[in-house]
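Working notes, beginning with the structure itself.
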Amino acid sequence: MIEIAQPDDWHVHLRDGPMLGRVAGETARQFGRAIIMPNLDPPVQTTDQAVAYRDRILASLPKDSSFQPLMTLYLTDETTPAEIQRATDSGVVFGVKLYPKGATTNAESGVDRLDQMAPVLEAMEQHRMPLLIHGESTDPDCDVFDREEVFLEEWLAPMVERHAGLRVVFEHITTKSAVDYVRQAPDRVGATLTPQHLLLNRNALFAGGLRPHHYCLPVLKRERDREALLGAATSGDPHFFLGTDSAPHSRSTKESACGCAGIYSAPIALELYAQAFASVNALDRLEGFASHFGADFYGLPRHQKKRQLRPSNWTVPDSPSPDPDTPQVFWTGQDLDFRLVDEI
């Protein structure tokens with residue numbers, strides 16, 4: 001039996017409307033808190049919109065749920081320093097999300113240059129509001145497997161150097177280059193790691209045919225990158241912490257001629273991380289990664305409640321629903337060696 005403090009998810013998509021009702025409870029069952037992504041359609045750009053979205057999330061959960069959604073704003077060319085002040089004062093908004101324009105799902109409202117955002121970034125420095133970054137270049141001439149490394153060199157590293165007080169989370173990193181950068185970066189730079197990038201390399205996209213439910217952005221990378229990510233996650237380095245990037249899409253939009261990016265892992269997230277940590281005999285490092293380091297980075301208290309993962313060999317079932325709007329859970333049909341205990 002593995003016992004750890006209640007973990008948190010520092011990067012998750014809950015969507016809105018009917019999909020929110022389908023998926024929010026799965027994240028709330030596994031985690032005490034979660035950083036909620038703002039890339040709705042239309043995006044969450046203001047503090048008032050974030051508060052309203054938070055209310056919808058809470059309304060979708062059982063009344064006795066203790067889950068805390070930690071909201072974010074979507075950075076656009078219209079974001080102002082005054083909005084950063086309002087977000088800070090709200091006690092509801094915990095970060096601002098940078099999407100390079102067109103980089104991923106609902107990123108059309110993102111930014112395509114950072115120099116014009118300097119007043120907003122300076123306000124974030126002043127208020128210690130973290131900038132959460134989807135780190136991929138959108139240059140059409142950039143190879144899809146090089147997009148993270150190009151972004152790191154051309155956007156991220158210069159910005160971190162230029163804004164010496166800015167707190168940054170390099171989200172869902174996928175390459176050895178990103179691991180190496182975070183390790184030597186200032187303490188104000190952290191990174192999240194997803195279960196799919198710890199468990200799979202890019203061969204999984206094509207195993208036995210095209211696998212749309214293994215397609216996410218940033219895309220899976222080489223085996224040497226996966227090994228570097230797993231080494232970072234299990235190292236005990238507090239700059240690396242849990243962020244699932246669980247991103248539900250209906251099966252009908254994933255399994256289409258132009259399938260969308262996103263992997264839905266929320267229902268089995270902790271079991272997946274345990275599987276990855278066990279693969280390198282590092283289960284003793286899981287609690288720091290899942291329960292401590294993210295809370296410390298965001299300046300929030302660690303949970304006192306405990307959760308347990310029980311050794312149990314089981315196969316992840318397919319969704320029992322024939323509804324094509326139901327998202328398919330990652331790892332369907334494959335075995336896991338741990339099961340989360342709901343109550344202890």
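Just so you know, these numbers use all the heavy atoms, side chains as well, and skip hydrogens, waters and symmetry mates.
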Check your understanding: Would you say the side chain of Tyr99 lies within less than 4.5 Å of the side chain of Pro38, judging by non-hydrogen atoms?
Key -> yes
Exercise for review: Report, as yes or no, whether the 6.0 Å neighbourhood of atom NZ on Lys254 holds more than 12 heavy atoms from other residues, nucleotides or ligands.
Suggested key: yes
Point to revise | CA sep, side-chain torsions, deciding dist, call: Glu287, Lys306, salt bridge (charged side-chain N to carboxylate O under 4.0 Å, His left out) | key: CA-CA 10 Å; Glu287 183 176 44; Lys306 297 291 186 178; 3.5 Å; yes
**Study point:** Single-linkage hydrophobic cluster, 4.5 Å side-chain cutoff, Phe145 and Val150 together
**Key:** no
Check your understanding: Taking the six-membered ring of Phe297, is the NZ or CZ of Arg167 close enough (under 6.0 Å from the centre) and on axis enough (within 45°)?
Key -> yes
Check your understanding: Is Leu205 reachable from Leu199 through a run of hydrophobic residues whose side-chain heavy atoms are each under 4.5 Å from the next?
Key -> yes
Check your understanding: Where is the tightest heavy-atom contact between Arg147 and Thr138, given as atom of each residue plus distance?
Key -> NH2-CG2, 4.4 Å
Check your understanding: Yes or no on side chain to side chain contact (heavy atoms under 4.5 Å, CB included) for Phe170 and Leu152, after CA distance, side-chain angles and deciding distance?
Key -> CA-CA 9 Å; Phe170 195 180; Leu152 170 57; 4.2 Å; yes
**Study point:** Any side-chain heavy-atom pair of Asp296 and Phe241 under 4.5 Å
**Key:** no
**Study point:** Backbone of Pro62 reached by a side-chain donor or acceptor of Ser65 within 3.5 Å
**Key:** no
Study note, to complete from the structure: NE2 of His197 to CG of Leu230, rounded to nearest 0.5 Å, is 13.5 Å
Review point. Which value, rounded to the nearest 0.5 Å, describes the distance between Thr27 atom OG1 and Leu14 atom CG?
Key: 5.0 Å
Review point. Is the count of non-hydrogen atoms from other residues, nucleotides or ligands lying under 6.0 Å from Arg202 atom CZ greater than 12?
Key: yes
Review point. Quick one: does Leu156's side chain get under 4.5 Å of Val189's, heavy atoms only?
Key: no
Exercise for review: Measure the CG-CZ distance between Asn203 and Arg226 for me, rounded to the nearest 0.5 Å.
Suggested key: 11.0 Å
Review point. Rounded to the nearest 0.5 Å, how far does CD of Glu154 lie from CZ of Phe151?
Key: 10.0 Å
Exercise for review: Can you see which heavy atom on Ala164 is nearest to which on Glu125, and at what distance?
Suggested key: N-OE1, 3.4 Å
Exercise for review: Can you measure from CD (Glu83) to OG1 (Thr88) and round to the nearest 0.5 angstrom?
Suggested key: 10.0 Å
Point to revise | Heavy-atom side-chain contact between Val169 and Thr192 under 4.5 Å | key: yes
Point to revise | Any side-chain heavy-atom pair of Ile36 and Val12 under 4.5 Å | key: yes
Review point. What is the minimum heavy-atom distance between Ala233 and Leu193, and which atoms define it?
Key: CB-CD1, 3.6 Å
Review point. Does Thr174 reach the side chain of Val219, with side-chain heavy atoms less than 4.5 Å apart?
Key: no
Point to revise | Non-hydrogen side-chain atoms of Val93 and Arg86 separated by less than 4.5 Å | key: no
Study note, to complete from the structure: Heavy atoms of Gln30 and Arg307 approach each other most closely as O-NH1, 3.4 Å
Exercise for review: Check the pair Asp237, Arg183 against side chain to side chain contact (heavy atoms under 4.5 Å, CB included), reporting the backbone distance first and the verdict last.
Suggested key: CA-CA 8 Å; Asp237 185 333; Arg183 280 185 164 144; 4.0 Å; yes
Review point. What closest approach, in Å, do Thr326 and Arg22 show between heavy atoms, and which atom pair accounts for it?
Key: OG1-NE, 4.3 Å
Exercise for review: Please step through side chain to side chain contact (heavy atoms under 4.5 Å, CB included) for the pair Met124 and His163, ending with a clear verdict.
Suggested key: CA-CA 10 Å; Met124 293 177 64; His163 294 277; over 6 Å; no
Check your understanding: Out of Trp10, Phe293, Phe94, which residue meets the ring-ring contact (aromatic ring centres under 6.0 Å, His included) rule with Tyr298?
Key -> Trp10
Review point. Have His249 and Arg15 got a donor and an acceptor in their side chains that come within less than 3.5 Å?
Key: yes
Review point. So, Asn313 side chain and Asp337 main chain: donor-acceptor pair closer than 3.5 Å or not?
Key: no
Review point. So, does Arg33 use its side chain to make a donor-acceptor pair with the main chain of Asp8 at under 3.5 Å?
Key: no
Exercise for review: Please say whether more than 12 non-hydrogen atoms of neighbouring residues, nucleotides or ligands are located less than 6.0 Å from CD in Glu223.
Suggested key: yes
Exercise for review: Measure the shortest side-chain to side-chain distance between Glu271 and Val316 over non-hydrogen atoms and say whether it is less than 4.5 angstrom.
Suggested key: no
Exercise for review: For the residue pair Gln116 and Asp77, confirm or rule out a side-chain donor-acceptor distance under 3.5 Å.
Suggested key: yes
Point to revise | Gln49 (side chain) donor-acceptor with Thr46 (main chain) under 3.5 angstrom | key: yes
Review point. Is the number of heavy atoms from other residues, nucleotides or ligands under 6.0 Å of Arg310 CZ greater than 12?
Key: no
Check your understanding: Are the side chain of Ser246 and the backbone of Ser265 linked by a donor-acceptor contact shorter than 3.5 Å?
Key -> yes
Review point. Rounded to the nearest 0.5 Å, how far does CG of Asp16 lie from CD1 of Ile57?
Key: 8.0 Å
Point to revise | Backbone of Ala87 reached by a side-chain donor or acceptor of Thr47 within 3.5 Å | key: yes
Point to revise | His214 side chain to Gln196 side chain, donor-acceptor N/O pair below 3.5 angstrom | key: no
Review point. Do other residues, nucleotides or ligands put more than 12 heavy atoms under 6.0 Å from Gln304 CD?
Key: no
Point to revise | Thr175-Lys221 side chain donor-acceptor pair, cut-off 3.5 Å | key: no
Point to revise | Residue pair Val23 / Pro327: nearest heavy atoms and the distance that separates them | key: CG1-CG, 4.1 Å
Exercise for review: Output, in order, the C-alpha distance, side-chain angles, deciding distance and verdict of side chain to side chain contact (heavy atoms under 4.5 Å, CB included) for Arg251 and Tyr264.
Suggested key: CA-CA 11 Å; Arg251 282 181 294 178; Tyr264 178 51; over 6 Å; no
